Amino acid sequence: MPVERPIINSSVPHSARIWNYWLGGKDCYEIDRQVGDQIAEANPAILDVARAQRAFLVRAVEYLIAETNIRQFLDVGTGLPTANNTHEVAQRLVPETRIVYVDHDPIVLAHAQALLTSTPEGATDYIDADLRNPDTILEQAAKTLDLTQPVALILLGIAAHVTDDSVYDIVSRLVDALPSGSYLVFCDSTEVVHPEQQRAMVEQWNEASDNPRINRSPEQLARFFDGLELLEPGLVSVSRWRAAQTGAQAPAEVDDFGGVACKP
């Protein structure tokens, strides 16, 4: 039977494609570039956010691989493949690491083959699912991951697309299904550093897109870590999470706060 190809709407901007554009990728459409340029013009700091969030992912994965017994990752809202994807970072250090990516954008599905390139010793898989359907994610992830063993759940910039408080129950459902010794790697957008620009960015995005998002305060983001043990330095700007300092100068903050926490 022929494989049903995903329907990609190239007339509506999508966050995964805009993010890819900001990171220097080519997997985007003219509408994504237009909206991405409009947002970046109104809020130039968003480019720093994109780069800082990717660097945070790299440092968090490297830490978990080197300092804990984590050998499994569930990366939800992964977006389009760019440089230093989760499986590349993890499998460089431990080739037998297993990774499952989750996204529901058709263009990400179309590029899934790029994500499925794994070391022979390890495994990667891709699930076409929405964060709003945690049971589907867990059921499908169990085909590749052993959910009786610790898993690192990665949620970077994705919870903002669930704009009401149901998002806390969704994330709790995913965390609760993982065993003791698992980790949550989480970050999302705030209005701490450049509040006016961040609010304008979200308004502009929500007018142009059919996939609305919201900024949350650090206090609201802290709720995602309830019941977990936050690693030092806690919930901070992702640019400052275990980042190298130049002399006494800490990296500049960005409007993306996050952290890494262990499930006791």
Side-chain angles (χ1 to χ4, degrees), residues 8-57 76-80 82 102-108 130-133 154-171 186-224 235-241 251-259:
I8 299 172
N9 188 347
S10 61
S11 66
V12 177
H14 193 281
S15 57
R17 301 194 300 262
I18 291 177
W19 205 256
N20 178 266
Y21 174 55
W22 285 336
L23 286 172
K26 306 298 182 185
D27 297 313
C28 50
Y29 293 108
E30 181 61 27
I31 186 63
D32 303 309
R33 292 187 287 272
Q34 289 176 0
V35 173
D37 287 341
Q38 290 169 4
I39 291 174
E41 182 177 357
N43 183 13
I46 193 62
L47 301 178
D48 295 328
V49 169
R51 289 188 286 265
Q53 189 184 104
R54 178 55 52 139
F56 167 64
L57 169 67
V76 183
T78 180
L80 287 156
T82 56
V102 182
D103 209 297
H104 73 288
D105 179 18
I107 198 170
V108 177
D130 193 300
L131 175 64
R132 297 172 182 83
N133 300 313
I154 299 177
L155 300 170
L156 303 189
I158 184 65
H161 288 292
V162 182
T163 57
D164 59 28
D165 281 356
S166 69
V167 70
Y168 296 109
D169 291 334
I170 292 170
V171 174
F186 180 94
C187 70
D188 229 322
S189 56
T190 65
E191 298 177 0
V192 173
V193 185
H194 301 289
E196 293 182 3
Q197 293 94 322
Q198 282 292 106
R199 284 192 288 271
M201 180 194 70
V202 166
E203 291 172 3
Q204 190 174 27
W205 169 256
N206 291 344
E207 288 174 1
S209 173
D210 60 356
N211 188 25
R213 61 179 295 116
I214 189 175
N215 296 324
R216 290 187 168 96
S217 69
E219 292 75 19
Q220 289 172 315
L221 296 180
R223 288 181 57 188
F224 289 102
L235 177 67
V236 295
S237 168
V238 294
S239 59
R240 293 186 172 182
W241 193 87
E253 286 191 305
V254 298
D255 268 312
D256 198 79
F257 278 44

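Since we're looking at a predicted model, the values are computed, not measured. One-based numbering along the sequence shown.
- Residues Leu57 and Ile154 share a closest heavy-atom pair of CD1-CD1, 3.9 Å.
- One distance of note links CG of Asp48 with CG of Asp256; it measures 11.5 Å at 0.5 Å rounding.
- Contact record, Phe224 with Ala159: CZ-CB, 4.1 Å, taken as the closest heavy-atom pair.
- Distance check: Phe257 CZ to Gln53 CD gives 13.5 Å after rounding to the nearest 0.5 Å.
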Before giving the answer on side chain to side chain contact (heavy atoms under 4.5 Å, CB included), spell out for Asp165 and Arg223 the whole-Å C-alpha distance, their side-chain angles and the decisive distance to 0.1 Å. CA-CA 10 Å; Asp165 281 356; Arg223 288 181 57 188; 4.0 Å; yes
Do Leu155 and Leu131 pass the side chain to side chain contact (heavy atoms under 4.5 Å, CB included) test, and can you show the C-alpha distance, the side-chain angles, and the key distance before you say yes or no? CA-CA 9 Å; Leu155 300 170; Leu131 175 64; 4.1 Å; yes
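- Arg199 pairs with exactly one of Gln204, Glu191, His194 by the side chain to side chain donor-acceptor pair (under 3.5 Å) rule, that one being Glu191.
- The distance from atom CE of Met201 to atom CD of Gln197, rounded to the nearest 0.5 Å, is 10.5 Å.
- Between Asn215 and Ser189, the side chains place a donor N or O and an acceptor N or O closer than 3.5 Å (distance only, hydrogens not considered).
- Nearest heavy-atom pair across Pro212 and Asn206 is CA-OD1, 3.2 Å.
- Annotation: side chain of Leu156 is not in contact with side chain of Phe186 (no heavy-atom distance under 4.5 Å).
- With sequence neighbours excluded, the residues that form a side-chain hydrogen bond (donor to acceptor under 3.5 Å, both in side chains) with Glu219 are Ser217.
- The shortest heavy-atom contact between Ala52 and Ser239 is CB-CB, 4.1 Å.
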Show your working on side chain to side chain contact (heavy atoms under 4.5 Å, CB included) between Val162 and Ile170 and close with a plain yes or no. CA-CA 9 Å; Val162 182; Ile170 292 170; 4.2 Å; yes
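- Taking OG1 of Thr78 as the reference point, atom CG of Asp103 lies at 6.5 Å (rounded to 0.5 Å).
- Residues Leu221 and Leu235 form a side-chain contact, since some pair of their non-hydrogen atoms from C-beta on lies under 4.5 Å apart.
- Asp169 and Arg132 are not joined by a salt bridge, as no carboxylate oxygen comes within less than 4.0 angstrom of a charged side-chain nitrogen.
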With side chain to side chain contact (heavy atoms under 4.5 Å, CB included) as the criterion, how do Val193 and Val254 come out once you've worked through the C-alpha distance, each side chain's angles and the decisive distance to 0.1 Å? CA-CA 6 Å; Val193 185; Val254 298; 5.7 Å; no
Apply salt bridge (charged side-chain N to carboxylate O under 4.0 Å, His left out) to Arg213 and Asp188, showing your working. CA-CA 10 Å; Arg213 61 179 295 116; Asp188 229 322; 3.7 Å; yes
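- Residues Pro218 and Val192 are in side-chain contact: their nearest non-hydrogen atoms beyond the backbone lie under 4.5 Å apart.
- Considering every non-hydrogen atom in both Cys187 and Phe56, the closest pair reads CB-CE2, 4.0 Å.
- Taking every heavy atom of both residues into account, Gln220 and Arg216 meet most closely at OE1-CA, 3.3 Å.
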